[in-house]
Structure formats: C-alpha cells, structure tokens
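Chain naming here is simple, since letters A, B, ... match the order of the sequence lines and numbering starts at 1 in each. Both backbone and side-chain heavy atoms feed into the values below; hydrogens, waters and symmetry mates do not.
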Amino acid sequence: MQLEARARAAISQALRRLGVDCPADLPLERPRPEFGDLSTRVAFPLSRQLGRPPQEIASELAAALQGHLDFAAVKAVGGFLNLQFTPAALHEVLQEILRQGGDYGRQDLGRGRHLQVEFVSSNPTGPLTVGHGRQAALGDVIAALFSELGWRVTREYYLNDEGKQIDLLAQSLWARYRQALGEEAAIPEGGYQGDYLIPIGEELAQGWGDRYPQFDEAARVAFRKAAVGRMMRLIEEDLEAFGVRFDVWTREGDLHRRGLVRETLEELRRRGATYEKEGAVWLRSTDYGLSRDPVLIRSDGTPTYLMVDIAYHVDKFRRGFVKVIDVQGADHAEEQQQVKLALRLLGLPEGFLEYCVHQFVTLKGREGLERMSTRAGHFIRLGDLIRELGRDVVRYFMVRRKPESHLVFDYELAKKTSMDNPVYYVQYAHTRIASIFREAGKSATRDALGVTGVDLSLLTDPNELALIKELDRFPEVIVQASRFAPHLLCEYLEGIAALFHPYYARVRILGQGEATPARLALLLGVQLVLKRGLAILGVSAPKEM
RNA sequence: GCGCCCGUAGCUCAGUCAGGAUAGAGCAGCGGUUUCCUAAACCGCAGGCCGGAGGUUCGAGUCCUCCCGGGCGCACCA
C-alpha cells in the first residue's frame, strides 16, 4: 500500500509533465517479478486520448521518472511502465510498518458505523454439522475483517424457536422419551431420526417418569421447551469450542411480541406490494421479475418464515445498522431475492442488506461421506470434527476456499501435522520467529534490543526485500478479503510463510554482527503480520508448538 | 422446464468483480541437498487446446450469446 502510494505520487507528477491529469483510478498492479515491483498500463487508455502509440507515452513517462529516488529502475516495455523500487524505499516501508506495530493493517473505512453480521442462525433442531462450520467460520472471519476496517460490528444469531419444525422435533423427542420408558413409540413422519435425541429422551424419562403418556398439548409445550433448550446447549457448546461468540441472539418469538410482523405487513400492503388469494396474502414478486409470488400470510392467518424474515430485517434497519450482512447457504438463494425485493419495496436503502452465499461442504477421507441431513440423522457433528482436528485447522480449512465454490474438506491433509498442512505451514513460520526471539533474548548482547534505530540498509538479500514488499500488501489484502473473500487472506499468509521458510533455512539470523538487528527487525515485521492475519482468522499464533 | 452458483495441471484450488506482457499455488509424481537459531525441512524438474463453439476488442481464463457437464433451489417448511 505504501508502495502504491509512492508510485502514484511519482507517476502523477510525471503525467503532469506530459500535460495530462492523473486518472483517479490509476491502474497499478504487481506484475511478475522479472518486470519489476509495480507496473502501470496507464499508457493504453492515454493512447486513445492523446492519439499516440502507448509505447511512446510509456517511454516519455519513463524518461520523466529517471533519477527518482524511489526507483532503482524504470522501464517502458510494450506500453507498460515497470517500476522497481530501491532497497532504501523498501527499508522505509518496513520502518513504517514497525512504527505502526499492532495497529498495522487497521483502517478506518467504516468510520465507526454499525454493521451487523448474521450467521449460523441454525434452527435448534439438532447439533451443528460440518456445513454449519463453514458458515460459522465465514461469518466470524468476515465480522473480524470489517472490525479491522473500522466498522462497529455486531455478530448476531437468529433463533427460530417456533413453527412446525420445532413441533416435529418435540414429537421426535417425545418418541425417544417413550422408547426410554420401554414403549414402541415411532419417530413421526418427517421427524428427526438422529441418535442425539436418545440420551435426552432417557434423561427426561428419568426426570418425568410417565407424566406424558400421550403427545397432547401439555406434552407438546413441555417437549418443545425441553428440546429447544437442549439443542441450544449443544449448539452453544460447539460454537464455544469453535471460538465463535455472538453479541446478540434474536428469537423469532420476540419479533412477534413486539408487533413487528404485523406492522411490516401493513406497510407492504399500504405500498401495494401484496394481494390476497385463496385466503392467503402474497407478495407481488413476479411484477418485479422474480419467478414466483411467495405467500406471506397463510390462509390460517399465521405468517410464513419469509414474512418474519422481512420484518426482522426492517428491525435491523431501525436498530441503526448502516449495513447488514447475512451469511447463508446456497439453498436459500430464492428467499434472498424475495427479502431483498421486499426491502426495496419498503424503501430501505439499496445495498443495506448483502448476502454472503456459500456452497456446501463435503468431507473427503473420513467416514460418513454421504450427504448430510439433520432430519435423517446423517451428518457429522462440527463438534466431533473440532475434537479430532483442533479448532485452528477446522476454522482455517473452512475459509480457505472462496465461499461460492463447493468446498471439499480434505480430512487426510487436515490431519497432518507437517508443513504440508497449510495451517501449520503458516503457524510454524510464526513459531520459528518466536523461537529466534527467545534465543536472541537468551544470548544477551544487543541482538535482542529494540528495533528502533536499527540500520535497515543491511537488508539486501532478495528474499528480505521480497518479504518487505509482501508485508506492504497486508492492508490491501484485508480490504479485498472483506469482500466475502477470506480465502485471499489465507493465500496471502501462506505466501508470506513461503517466502520466510526458505529464507530461514538459508540465512542465519543470530550472531551475524551488524546484520543481526536488521534481520530481527524484518522478522518482527513478518511476525506482526502473521499474528494479525491469524488473529483475524481466529487461528492461534503459537510461540512454540 | 425456469432461476442462481461452479467447470483452470492427476487431485484440491487461486486468478474472473475493475480485460493486458510467456496462465499460478499446494498436494501427489520424479530428481537432488540437509538435520543447523527450527515443529517435522530446502532446492529443482515435469505436468494446462483455462468444459465446448461463436462474438466484442489492438488484446479474452477474465466481457457477451449459445451449448455441454455438476451442485442448489423452484412449499400456505424453515
């Protein structure tokens, strides 16, 4: 980022000499190393504007930049302008990174505005599965990225504790309870078959005895309450193990009690967005290009999930969030269209709600590969996976692919503790640096002393300079990753580690006289970025392993 | 049938939003080196009609159209 700023300043000055204003979006990219550190193709658009060939313009720019203190080489090749920075410029960049220390990477794009990330929001009908794990990791990391960018972030879980699915769950649990009492009770059709209800049924049988011989109204109420309570405890345990914390839990029941659903429906009606047919209330979605009109209010007068969801988002807006991000699975695509449309018709600002949609997870190399279904009881619990592989590995693997791609979770690779495993590859880099600093501290001398006032000009190794250039990208990577692309942060950290490990193997740090403090300063910068990056991912940065 | 997403090296994937210079990485494969401040290495080689066909452009993995293949959805479930 510092490098881009320097290049932009220099190029803009050179452009002025040619009598051209610097475009606001001056194209700058990091080309293949043999072309230099930064490259601009600004001569191509200018060629049209000035009616001259790109190469001619690029050459003139290069001439204007000759002798600039920041650049060791300025070349015009085929219309591209390639810049190579001097080591001195890079040393200044490192100096500034070290000055910023723990704040490096933090930016104020959010300006303290309120943002909400809603994720997981799994119905309390069973434990979290591997699929929820992807969502939990994604939501948590996106939240962390946005707080890094200066937003005030609320992590929220929407708890759907009403409705037919909960009734089915209650009845399924009741069946397990009767079974525990020695009866032949069947799980209801479409009910929850999973083993996880068995121990709970047994426990209830012990506590309640024969109090609920029939699944009547009293039983329904009691078993709903028991089931939701127990399921939430399971979910909370797994979230805790995964290191995910929510600031706010919103229950569907609360929205009803506050009259929000009625109110939102009225507003939609008033704006002519609804109509009645067959005793139900429908949203006029097809008028706006969607493929079907969904029901908002059933003919029995109860609101559908969609209706409640719309009301919920209106509530989010009233609560003062400037932006709301919902992390959801690809199976909710249609619902998302409908909610967005409804919010538009209600006059909420465009772009208030954004969905981070992710595809599903398949687990490769472990028992239980088949398609997961909570209802059928075929699934792998997130908690089990965390216990087997550790929180760090599971979190990292879950965000390592872009959300819209199907994720194949490679269990064999995840199990490895060698550096083949990308998580360890990154963590070991941090650990190795920590160990060097430990050693430096032991050997007394001035090696371990502070890095301010260190002569960085002794950093001349290509690997050292490459590391600095890479460290410079960190703030920009955070911005890119925040656009629902946390995998870019993983890729970046792996890149840093891939520069560091060979360097470490080849170049000795301690006991190298004047070079030692300079190298320690560089390692401090590398460690800083690794630590901050891992922290955003919610992955530990161990000092020893 | 309609809608959304995906199709890049043997495998898992970056790169597609903002079109640019010989398409990148990891794993697996092959060949070397090393055990040092260190947690379990380092270096190199090989591997690709970027699903297919058209089009736009000086230039397409990237944009447009069509087709093929895979996933998901198309409920008065959530």
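Of the possible polar contacts, one joining the A/Asn421 side chain to the A/Leu413 backbone as a donor-acceptor pair under 3.5 Å is found.
Of the candidate nucleotides B/U12, B/A28, B/A40, B/U12 has the atom lying nearest to any side-chain atom of A/Val408. Comparing B/G71, B/G73, B/C42 against the side chain of A/Glu334 picks out B/G73 as the nearest. Checking B/C42, B/C76, B/A78 against the side-chain heavy atoms of A/Met419 singles out B/C42 as nearest. Of the listed nucleotides (B/U12, B/A78, B/C76), B/U12 has the atom at the smallest distance from the side chain of A/Lys364.
Computed from coordinates, the A/His332 NE2 to B/A78 C1' distance equals 7 Å when rounded to whole Å. Distance CD (A/Gln55) to P (B/G59): 19 Å, rounded to an integer number of Å.
Enclosure of atom CZ in A/Arg262 is not indicated, since only 12 or fewer non-hydrogen atoms of other residues, nucleotides or ligands lie within 6.0 angstrom. Within 6.0 Å of CG on A/Asp300 lie more than 12 heavy atoms contributed by other residues, nucleotides or ligands.
The partner of B/A53 is B/U65, by the rule that a Watson-Crick or G-U pair needs both atom distances under 3.5 Å. Using the Watson-Crick or G-U wobble rule with both distances under 3.5 Å, B/G10 pairs with B/C27.
Both A/Ile436 and A/Trp282 lie close to RNA chain B; mapped to their nearest nucleotides by heavy-atom distance, the more 5′-ward contact belongs to A/Ile436.
Salt-bridge annotation for A/Arg30 and A/Asp37: absent, with no side-chain N of the basic residue lying under 4.0 Å from a carboxylate O of the acidic one. Salt-bridge annotation for A/Lys340 and A/Glu350: absent, with no side-chain N of the basic residue lying under 4.0 Å from a carboxylate O of the acidic one. A salt bridge does not link A/Asp461 to A/Arg519: none of the charged side-chain nitrogens sits closer than 4.0 Å to a carboxylate oxygen.
One finds no side-chain N or O of A/Ser291 lying less than 4.0 angstrom from the OP1 or OP2 phosphate oxygen of B/G73. Put simply, A/His487 has a side-chain N or O that comes within less than 4.0 Å of OP1 or OP2 on B/G15.
A/Tyr275 does not carry A/Lys277 over the face of its six-membered ring by the limits of under 6.0 Å from the centre and within 45° of the normal.
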*asked:* Does the protein touch nucleotides 16-24 of chain B at the base, only the backbone, or not at all? Give it as B, S and - per nucleotide, heavy atoms under 4.0 Å.
replied: B-B-BBB-S

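Across all strands shown, A/Leu413 has no heavy atoms under 4.0 Å from either base or sugar-phosphate atoms. Using a 4.0 Å heavy-atom distance criterion, A/Arg292 is classed as a sugar-phosphate-only contact.
Per the stacking criterion (ring centres < 5.5 Å, plane angle < 30°), A/Tyr504 stacks onto the base of B/C37.
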